[in-house]
Student: 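Once you've had a glance at the structure underneath, I'll fire off some questions.
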Amino acid sequence: MIGRFNHVAIAVPDLEAATKKYREVLGAKVSEPQNEPDHGVTVVFVELPNTKVELLHPLGEKSPIKGFLDKNPDGGIHHICYEVDDILAAREQLKATGARVLGDGNPKIGAHGNPVLFLHPKDFYGTLVELEQAKHA
Ligand code: CO
């Protein structure tokens, strides 16, 4: 069901400092910050030759990243994202196995303009998994 690896997302306590570190210490190409109010995050994209890293920072009071950073004040890996061809078909297949889809279970539009869903970390070995319906898939 899952296809290509799309990105790993890292929650960071200071987006400016993290951007600078990826740009200047690691020498990576880093985008300008983008606000994602539907997801409660501000994100910058680190473009690597074969994949992407997203640096996430809380946006707004109800940000899901906020609690994560309270527990991990230095930051940490927040989720990983796999691509799927058909997100609704993937959702139904996963739900049939008992896997829990977060939120209201309906895909939201993610940072790349594609529909995304999140799966409960307890069902996937302590890892929050994002599924993204990729355009090129
Ligand atoms: Co993501």
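Because the structure is predicted, anything quoted here is derived from the model rather than measured. Just so you know, ligand 1 is whichever comes first in the structure, and atom 1 is the first atom listed for that ligand. What's counted below: heavy atoms across the whole structure, side chains too, no hydrogens, waters or symmetry copies.
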Student: Please check if the side chain of Thr51 supplies one atom and the backbone of Asn6 the other of a donor-acceptor pair under 3.5 Å.
Tutor: yes
Student: Of all heavy-atom pairs between Arg91 and Gly105, which one has the smallest distance, and what is that distance?
Tutor: NH1-O, 2.8 Å
Student: What is the name of the N/O/S atom of Glu130 that is nearest to the Co ion (ligand 1)?
Tutor: OE1
Student: Got Leu56 and His79 here, is their nearest side-chain heavy-atom distance under 4.5 Å?
Tutor: yes
Student: Does His78 bring an N, O or S atom to under 2.8 Å of the Co ion (ligand 1)?
Tutor: no
Student: Where is the tightest heavy-atom contact between Pro33 and Thr42, given as atom of each residue plus distance?
Tutor: CB-CG2, 3.8 Å
Student: Measure from the Co ion (ligand 1) to each N, O or S atom of His7 and report whether any distance is below 2.8 Å.
Tutor: yes
Student: Output yes if Glu132 passes the N/O/S-under-2.8 Å test against the Co ion (ligand 1); output no otherwise.
Tutor: no
